[in-house]
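To start, the structure itself, in structure tokens.
In the text below, chain A, chain B and the rest are named by the order of the sequence lines, each starting its count at 1. Excluded from the calculations below are hydrogen atoms, water molecules and symmetry mates; all remaining heavy atoms, backbone and side chain alike, are included.
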Number of protein chains: 2
Amino acid sequence: MAAPSEKHDVFQAIADPTRRKLLHMLAEEEMAVTVISGHFPMSRTAVSKHLRVLSDAGLVRERKVGRETRYRMDPDPLLELKRWLNYYERFWENKLTALKRFVENDEDDNGRAAEDTKI
Amino acid sequence: MAAPSEKHDVFQAIADPTRRKLLHMLAEEEMAVTVISGHFPMSRTAVSKHLRVLSDAGLVRERKVGRETRYRMDPDPLLELKRWLNYYERFWENKLTALKRFVENDEDDNGRAAEDTKI
DNA sequence: TTGACATGAAACCAAAAGGTTTCTTATGAT
DNA sequence: ATCATAAGAAACCTTTTGGTTTCATGTCAA
């Protein structure tokens, strides 16, 4: 997995379902690796590597407490995703506009299907 | 690449930079494969396969016009991403609250650094 | 100080991902 | 009819990914 060589970005980091589940768990609570990995059907080491990917992307932060390492989510990098997504906002607004136009036409010539107004 | 076997989801689809660039291009304009692939430093076939992944995720739509196939973005699946992201909204709001608290404390005992208020 | 727990590092592996080249099949233009 | 163009399908190759098991190191408890 994640040969933790270089940096991973947010897009890659959240691409994996396991990692999304990890984020979800670590959003509320800080947790130690063993505890975390208890919730996954894979080895502790595998979970550890996923955590590393998330860490590379800046999505989690680790803290050593005695002999354990506790992880917690850091939401900051999600802002990049948000900005990316924001760009496309207008496109589905356009689709809504098209839908609205369709509905209005439908009210006018009541009952008959408006041809070619692909929504 | 993308052995176009099963469905790909949005998260996977946008994980790759090339595919994000594709989306960006196809958001405005419908384009034919050859034209599209002219903008990438890889073979037409490779681009074609990326398009397939996007298509699997529902992020692009294809239309045959004569001997060419034109692709255009469909923003709908991005709503899933938006909802996913939405869930984490409150977490960085929390961070902002913490920042605000920090700034206010800083105004009080003006000049001295507020220890341990990690933002 | 000895033993048990917590975790990362290493070495390894199979499958998926990203890419290439070659072949086929439609469709258009002459 | 014939030739060129557009694009997906197939077969193939290399690197990355997700996972495993084993080993090493640090810390806590008796």
| field | Qualifying ring-ring contact (aromatic ring centres under 6.0 Å, His included) pairs, either residue in residues 10-49 of chain B, two or more places apart | value | Tyr87(A)-His24(B), Phe11(B)-Trp84(B)
Between protein and nucleotides 25-30 of chain C, what N or O pairs are separated by less than 3.5 Å?
| unit_1 | atom_1 | unit_2 | atom_2 | d |
| --- | --- | --- | --- | --- |
| dG28(C) | O4' | Arg67(B) | NE | 3.3 |

| field | 4.5 Å side-chain heavy-atom contact, Thr69(A) and Tyr71(A) | value | yes
| said: I'd like to know if the side chain of Glu68(B) pairs up with that of Thr34(B) as donor and acceptor (distance under 3.5 Å, no hydrogens or angles considered). | reply: no
| remark: Against the side chain of Thr18(B), the closest entry in dA11(C), dT21(C), dG19(C) is dG19(C)
| query | Counting side-chain heavy atoms from C-beta on, which of dG19(C), dT20(C), dT21(D) comes nearest to His50(B)? | reply | dG19(C)
| said: Side chain of Thr34(B) only, heavy atoms from C-beta on: which candidate in dT20(D), dA6(D), dA9(D) is closest? | reply: dA6(D)
| Hey, which of Glu62(B), Arg72(B), Arg61(B) is the one that makes side chain to side chain contact (heavy atoms under 4.5 Å, CB included) with Glu30(B)? | Arg72(B)
| For residues 10-17 of chain B, which residues have at least one heavy atom under 4.0 Å from DNA chain D? | none
| query | Among dT21(C), dT7(C), dG19(C), which nucleotide sits nearest the side chain of Ala32(A)? | reply | dT7(C)
| said: Side chain of Ala46(B), heavy atoms from C-beta onward: which of dG19(C), dT20(D), dG8(C) has the nearest atom to it? | reply: dG19(C)
| What's the closest nucleotide to the Glu68(A) side chain, out of dG8(C), dT7(C), dA7(D)? | dT7(C)
| query | With distance as the sole criterion, do the side chain of Lys49(A) and the base of dG8(C) form a donor-acceptor contact below 3.5 Å? | reply | no
| Minimum-distance nucleotide (side-chain atoms of His8(A) versus dA6(D), dG19(C), dT17(D)) | dT17(D)
